[in-house]
Amino acid sequence: TRMGMDGLGWLKDRNLTPERLDKVHALHQMAMEMEVSLPRLAVAWCLRNPHVSTVILGASRVDQLEETLTSLEVLTLLTDEVVQKIEDILGNKPVLPEY
């Protein structure tokens with residue numbers, strides 16, 4: 001939503017390449033199929049990661065905070081298959097060292 005605000009159009013030019021937009025659209029479609037919002041899916045995905053100790057919520061409105069605080073409810077939907085689909089869409093899973 002920030003890209004639509006006056007003075008923040010540079011966000012679109014610098015960060016949202018067509019490839020990134022395709023990924024956002026694919027993730028949004030996946031969230032809709034799961035009947036959850038994309039923000040809730042994103043926060044739940046972060047929470048599921050065993051290498052993440054803290055998830056910081058960024059909200060500019062109370063309703064955004066209330067929505068993302070319910071992300072724990074989405075965790076049960078994140079099966080290994082769903083997580084693999086997300087990772088396939090993103091294509092940026094880090095490779096952990098073998099030691």
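- The same ILVMFWY cluster, assembled from side-chain heavy atoms under 4.5 Å apart, contains both V83 and L72.
- One side chain, D88 or Q84, offers a donor N or O that lies under 3.5 Å from an acceptor on the other.
- Note on M32: it does not cluster hydrophobically with L21, by side-chain heavy-atom contacts below 4.5 Å among ILVMFWY residues.
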Start with the C-alpha gap between M30 and V82, add the side-chain angles, then the distance that decides, and say whether side chain to side chain contact (heavy atoms under 4.5 Å, CB included) holds.
CA-CA 9 Å; M30 185 175 191; V82 170; 3.6 Å; yes
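- Nearest heavy atoms, E67 versus R40: O-CG, 3.5 Å.
- The two residues L77 and M34 come nearest to each other via the heavy atoms CB-CE, 3.6 Å.
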Before you tell me yes or no, could you show the steps for I86 and L41 under side chain to side chain contact (heavy atoms under 4.5 Å, CB included), namely the whole-Å CA-CA distance, both residues' side-chain angles and the distance that decides it to 0.1 Å?
CA-CA 10 Å; I86 292 170; L41 178 60; 4.1 Å; yes
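- The two residues R48 and L78 come nearest to each other via the heavy atoms NE-O, 2.9 Å.
- For the pair V52 and C46, the tightest heavy-atom approach, listed with the atom from each and the gap, is CB-O, 3.7 Å.
- Across every non-hydrogen atom of S71 and A44, the tightest pair is O-CB, 3.6 Å.
- Salt-bridge annotation for K23 and E19: absent, with no side-chain N of the basic residue lying under 4.0 Å from a carboxylate O of the acidic one.
- Counting only heavy atoms from C-beta outward, the side chains of K85 and T79 never approach each other to under 4.5 Å.
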Assess the residue pair L57 and L69 against the criterion (side chain to side chain contact (heavy atoms under 4.5 Å, CB included)); give the C-alpha distance rounded to whole Å, side-chain angles, the decisive distance to 0.1 Å, and a yes or no.
CA-CA 8 Å; L57 304 177; L69 284 174; 3.6 Å; yes
Step by step, would you call L90 with L27 a side chain to side chain contact (heavy atoms under 4.5 Å, CB included)?
CA-CA 9 Å; L90 294 175; L27 291 169; 3.7 Å; yes
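- Heavy atoms of other residues, nucleotides or ligands lying less than 6.0 angstrom from CD of E33 number more than 12.
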